[in-house]
Number of protein chains: 2
Amino acid sequence: MMINERTSLDQTYAALADPTRRAILAYLRNGPATVTRVAAPFEMSLHGVSKHVRVLERAGLIEREVRGRQHFLHLCATPLEEATEFTEHYRAFWEARLGAMAEHVENKHLESQRNTSKPKRPIKKRGASSQ
Amino acid sequence: MMINERTSLDQTYAALADPTRRAILAYLRNGPATVTRVAAPFEMSLHGVSKHVRVLERAGLIEREVRGRQHFLHLCATPLEEATEFTEHYRAFWEARLGAMAEHVENKHLESQRNTSKPKRPIKKRGASSQ
DNA sequence: ATCATATTCAACCGATTGGTTGAATATTGC
DNA sequence: GCAATATTCAACCAATCGGTTGAATATGAT
């Protein structure tokens, strides 16, 4: 079937997952700027930055206004609202968690500092090695 | 050189950029669950889901507690805090924008409705076609 | 018209991703 | 011990990504 209908949320997060692109967004908070201007601080070629800009644009995070030969980019923050909405659901979760488990975590922390090599319960933490 | 030092933010957003993984996170808000349990609603193979779980784990969004032959997954929301912190910077931006430019936008909107084929300024909006 | 500037388009490359399958591991139940 | 269960590991594949380069486009300045 291969329906390539990526959600806007998909695109938003994917766009945000790159440091160059986040830097571009951060820069644009100070107001609109041309592509070359935005590209200046990066070691990467202008072409490279141009591609990043394109990604941000397709994600709807920025907009482009072509004036003469230069393209002025400006933030277009609305899609971030959707993204924040998603993560916001978790705020409740972790606030509750951090509140209720505060002392418990503290205990655990001290405990694990004491005996790192000999856990109480058979908790094998296997994670995140290769790939 | 090839320094593959992806920021945690990179990993957080990248992990969030997939609907399957967001669904897993959403499911885990109702409490811990095993991998098979989490995998159930998806058409994808268990192996596939397992890989998604791994991604979430590496991003620090979930944690795994192996008890016997089953792996219990639970949310671990703290990295989202960092992510929210990033997007939060934009909240100020767009709130100001939406406030201050409200009437201006309205004017522009009406204006562009009036003369879509004959813009006042040479603003070519070219965006987001291929790739 | 010509040349420099600002930018994209197109092709390419190696690395990563999202998914599959088949085999391995560890645990539980008989 | 043996079979079923829960899960990963490893190899593979096509698609995408992040970057490069070279050529094309459009505009601006002389």
Side-chain angles (χ1 to χ4, degrees), chain A residues 1-7 10-11 13-24 32-40 42-59 62 64-73 121-131, chain B residues 1-7 10-11 13-24 32-40 42-59 62 64-73 121-131:
Chain A
M1 243 190 195
M2 198 52 211
I3 301 174
N4 197 2
E5 195 194 325
R6 284 196 107 179
T7 311
D10 286 23
Q11 290 189 93
Y13 280 129
L16 253 27
D18 184 280
T20 306
R21 289 195 288 261
R22 285 198 305 275
I24 292 174
T34 67
V35 177
T36 20
R37 188 70 188 281
V38 153
F42 301 103
E43 304 237 324
M44 182 182 341
S45 75
L46 176 63
H47 301 63
V49 175
S50 175
K51 279 179 86 170
H52 281 300
V53 165
R54 159 69 50 105
V55 172
L56 289 168
E57 195 184 9
R58 294 196 59 187
I62 66 174
R64 174 196 311 262
E65 183 182 328
V66 180
R67 221 184 298 183
R69 57 183 162 179
Q70 36 199 1
H71 298 197
F72 287 88
L73 312 171
R121 279 228 233 103
I123 295 177
K124 251 183 289 177
K125 182 89 151 300
R126 30 202 217 92
S129 53
S130 62
Q131 219 253 43
Chain B
M1 245 193 195
M2 198 52 212
I3 301 175
N4 198 359
E5 196 193 328
R6 282 195 107 179
T7 312
D10 286 24
Q11 290 188 93
Y13 280 129
L16 253 27
D18 183 281
T20 305
R21 291 195 287 262
R22 285 198 304 275
I24 292 175
T34 67
V35 177
T36 21
R37 188 69 188 283
V38 153
F42 301 104
E43 304 236 325
M44 185 183 338
S45 75
L46 176 62
H47 302 62
V49 175
S50 176
K51 281 179 84 170
H52 281 300
V53 165
R54 158 71 48 108
V55 172
L56 289 168
E57 195 183 9
R58 295 197 58 187
I62 66 174
R64 173 196 312 260
E65 183 182 329
V66 179
R67 221 184 297 184
R69 58 184 161 181
Q70 34 200 0
H71 298 199
F72 287 88
L73 312 171
R121 280 227 234 99
I123 294 178
K124 250 184 288 175
K125 180 90 150 297
R126 31 190 211 105
S129 53
S130 66
Q131 218 255 50

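Everything numeric here is computed off the predicted structure, so don't read it as measured data. Letters A, B, ... mirror the listed sequences (proteins, then strands); counts begin at 1.
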Next item on the list: Could you pull out the closest heavy-atom pair between Ala59(A) and Ala15(A), with the gap in Å?
Entry: CB-CB, 3.8 Å

Checklist line | Partner residues of Thr20(A) under the side chain to side chain donor-acceptor pair (under 3.5 Å) criterion, sequence neighbours left out | finding: Asp18(A)

Check: Does the base of dT5(C) carry an N or O that pairs as donor and acceptor with the side chain of Arg69(A) under 3.5 Å?
Finding: yes

Margin query: For a 4.5 angstrom cut-off between non-hydrogen side-chain atoms, does Arg22(B) reach Tyr13(A)?
Written below: yes

Notebook entry, point to check: Any idea which heavy atoms bring Met44(A) and Val49(A) closest together, and the distance?
Noted result: SD-N, 3.8 Å

Next item on the list: Give a yes/no on whether any side-chain N or O of Ser50(A) is located under 4.0 angstrom from OP1 or OP2 of dT8(C).
Entry: yes

Next item on the list: Please figure out whether Leu46(A) or Val53(B) has its closest DNA chain D nucleotide nearer the 5' end.
Entry: Val53(B)

Item checked: For the student: nearest non-hydrogen atoms of Val38(A) and Ala33(A), plus distance -> CG2-CB, 3.9 Å

Note to self: Does Arg21(A) reach a base, just sugar-phosphate, or nothing at all? Heavy atoms under 4.0 Å.
What the structure shows: sugar-phosphate

Notebook entry, point to check: Nearest-Å distance, CG (Leu73(A)) to P (dA6(C))?
Noted result: 14 Å

Please enumerate all protein N or O atoms sitting under 3.5 Å from an N or O of nucleotides 21-25 of chain C, with distances to 0.1 Å.
from	atom 1	to	atom 2	distance (Å)
dG22(C)	O6	His47(B)	NE2	2.8

Checklist line | Spacing between Tyr13(A) atom OH and dC17(D) atom P, to the nearest angstrom | finding: 18 Å

Note to self: As an exercise, state the distance from NE2 of His71(A) to CD1 of Ile62(A), rounded to the nearest 0.5 Å.
What the structure shows: 11.5 Å

Check: If you check every side-chain atom of Met44(B), which of dG19(D), dT20(C), dT8(D) has the closest atom?
Finding: dT20(C)

Check: Just how far is it from atom CZ of Arg21(B) to atom NZ of Lys51(B), taken to the nearest 0.5 Å?
Finding: 10.5 Å

Notebook entry, point to check: Can you tell me how far CG of Leu56(B) sits from CZ of Arg64(B), rounded to the nearest 0.5 angstrom?
Noted result: 10.0 Å

Next item on the list: Measure the CG-CD distance between Leu73(B) and Glu57(B) for me, rounded to the nearest 0.5 Å.
Entry: 7.5 Å

Note to self: Closest approach to the side chain of His52(A), judged atom by atom: which nucleotide of dT20(D), dG18(D), dT8(C) is it?
What the structure shows: dG18(D)

Next item on the list: Starting from C1' on dA6(D), measure out to CD on Glu65(B) and report it in whole angstrom.
Entry: 16 Å

Check: Below 4.0 angstrom from OP1 or OP2 of dA6(C), is there any side-chain N or O of Arg37(A)?
Finding: no

Checklist line | Nucleotide of dA6(C), dT8(D), dA6(D) approaching Thr36(B) most closely (side-chain heavy atoms) | finding: dA6(D)

Next item on the list: Please report, rounded to the nearest Å, how far the C1' atom of dG18(D) is from the CZ atom of Arg22(A).
Entry: 15 Å

Check: Between dA26(C) atom C1' and Arg64(B) atom CZ, what is the distance in whole Å?
Finding: 14 Å

Note to self: What is the distance, to the nearest angstrom, from the NZ atom on Lys51(B) to the P atom on dT16(C)?
What the structure shows: 13 Å

Next item on the list: Could you tell me which non-hydrogen atom of Val35(A) sits nearest to which non-hydrogen atom of Ser50(A), and how far apart they are?
Entry: CG1-CA, 4.5 Å

Item checked: Length of the CD-P vector between Glu43(A) and dG18(D), whole Å -> 18 Å

Checklist line | Between the first and last five pairs of the helix from dA1(C)-dT30(D) to dC30(C)-dG1(D), the angle of the axes, rounded to 10 degrees | finding: 20°

Note to self: In this structure, how many angstroms lie between the C1' atom of dC9(D) and the CD atom of Glu57(B), rounded?
What the structure shows: 14 Å

